[in-house]
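To start, the structure under review is shown below, and the notes come after it.
Model, not experiment: these values are computed from the prediction.
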Amino acid sequence: MAKRDYYEVLGVSKGASASEIKKAYRKKAIEFHPDKNPDDKEAEAKFKEAAEAYEVLSDGDKKARYDQFGHQAFENGGGFGGGGMNMDDIFSQFGDIFGGGFGGFSGFGGGGGQRRVKGSNLRIRVKLTLEEIANGVEKKIKVKRKVKAPGTTYKTCSTCNGSGQVTRIANTILGRMQTSSPCNVCGGAGETIDKKPADADAQGLKVTEETVSIKIPAGVVDGMQLKVSGKGNEAPGNGISGDILVVIEEEVHDKLQREGDNLHYDLYVSYPDAVLGTSKEIDTVTGKVRIKVEAGVQSGKILRLRGKGIPSINGYGKGDLLVHVNVWTPKTLSKQQKEFFERMREDEHFDPKPESSDKSFFEKVKDMFS
């Protein structure tokens, strides 16, 4: 895809002054900043495109080459190559144009283009019963997280002057090239320890135990990961806290088996109940229910209870509870029972006579997965 004209990208004329170009880029960067447009790939692409245009048009030598030769002036490694830079490069290289007044975005943080350091994430596993998964639940979990120790103070890093970045400029055949990297003294935080208590670590943090409330929606599945923002380890200085990553672990139910949003239940009935019919109480994730078993029910019959399964995590209704009827054949009989069944061997009522409604095993499996 052909690149757009840099002047068109920033919305300025070819004769625009340096201050007009700077003002136009600032406007575009705010409009398409990733923090204002989360998970918006188009906005991210426009943010990078604006950064690429500004890098060229804000440099007198590059602007002159671009005005004369267009994008061809920077082919074969001679230009910005914005598509190859990540967001960190863009934030560190162009953040200084926003000054101290541009705040509220994690990409730039405070003044001087400083990026706020984020604390590390915590990862915990939460075990849930099928009943909790079906209804949603709020769990109170004790976690050990790092927080700023009381009495800890910080001062501006003298190496990077609080920007968190160290900039290096090298002269090359293509002109002066500028590169930035996190400060190795403060680790990119822009601040270093001034005072700290004896029980704090090198960053002025200490471990404390806290109770965190976690709301888990209905329909989660085993292995799913949820995020609780800002409840992870704190960062030193003016950094922002990390997150808690909650990994769902589904406990095995003693009677119900889960398959997606559907549940399966094995119902065993005696031979007399299968012949005469009966009613049975079974477990569901919302409590016990009583179902009717028709006289003459066949082993392998599947009774479907609509909406008695697990709610969809996406909000698309509920699954079903599939009750699998298993006729239990006794393994030992008394003398009288044996004599009764011996007489019934030749009785036509006991001859298998499957009807079209009595599906084969493979048909039942097919229906179950359709």
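Annotation for I193 and K155: closest pair O-CE, 3.8 Å, computed over non-hydrogen atoms. Minimum interatomic distance between L122 and K231 (heavy atoms only, all atoms of both residues): CD1-O, 4.2 Å. Across every non-hydrogen atom of H253 and L256, the tightest pair is ND1-N, 3.0 Å. Nearest heavy atom pair, residue R145 against residue G230, reads NH2-O, 3.6 Å. The two residues V207 and K144 make their nearest non-hydrogen contact at CG1-CB, 4.0 Å.
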E20 vs K23, test: salt bridge (Lys or Arg N to Asp or Glu O under 4.0 Å). Steps then yes/no.
CA-CA 5 Å; E20 289 173 330; K23 183 179 180 180; over 6 Å; no

Quick one, S299 with N326, criterion side chain to side chain donor-acceptor pair (under 3.5 Å). Give me CA distance, side-chain angles, the key distance, then yes/no.
CA-CA 5 Å; S299 190; N326 300 279; 4.7 Å; no

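Judged by distance alone, with hydrogens and angles left aside, the side-chain atoms of R343 form no donor-acceptor pair with the main-chain N or O of R345 at under 3.5 Å.
More than 12 heavy atoms of other residues, nucleotides or ligands lie within 6.0 Å of NZ in K148, so this atom counts as buried by the packing criterion. E249 CD: more than 12 foreign heavy atoms inside a 6.0 Å radius. Within a 6.0 Å radius of CD in E42, other residues, nucleotides and ligands contribute 12 heavy atoms or fewer.
Listed by chain and residue number, C157, T159, C183, T192 satisfy the side-chain contact (heavy atoms from CB on, under 4.5 Å) test with V185 (two or more places apart in sequence, or in another chain).
Inspection of the Y66 and D59 side chains reveals no N or O donor paired with an N or O acceptor under 3.5 Å. Between E191 and T156, the side chains place no donor N or O within less than 3.5 Å of an acceptor N or O (distance only, hydrogens not considered). In the model, E49 has no side-chain atom that pairs as donor or acceptor with a side-chain atom of Y6 under 3.5 Å.
Judged as a salt bridge (charged side-chain N to carboxylate O under 4.0 Å, His left out), the pairs with a partner in residues 313-322 (not counting sequence neighbours) are, in order, R304-D320, R306-D320.
Aromatic ring centroids of Y25 and Y54 lie under 6.0 Å apart.
Between K62 and E55 there is a salt bridge, with a side-chain nitrogen of the basic residue lying less than 4.0 Å from a carboxylate oxygen of the acidic one.
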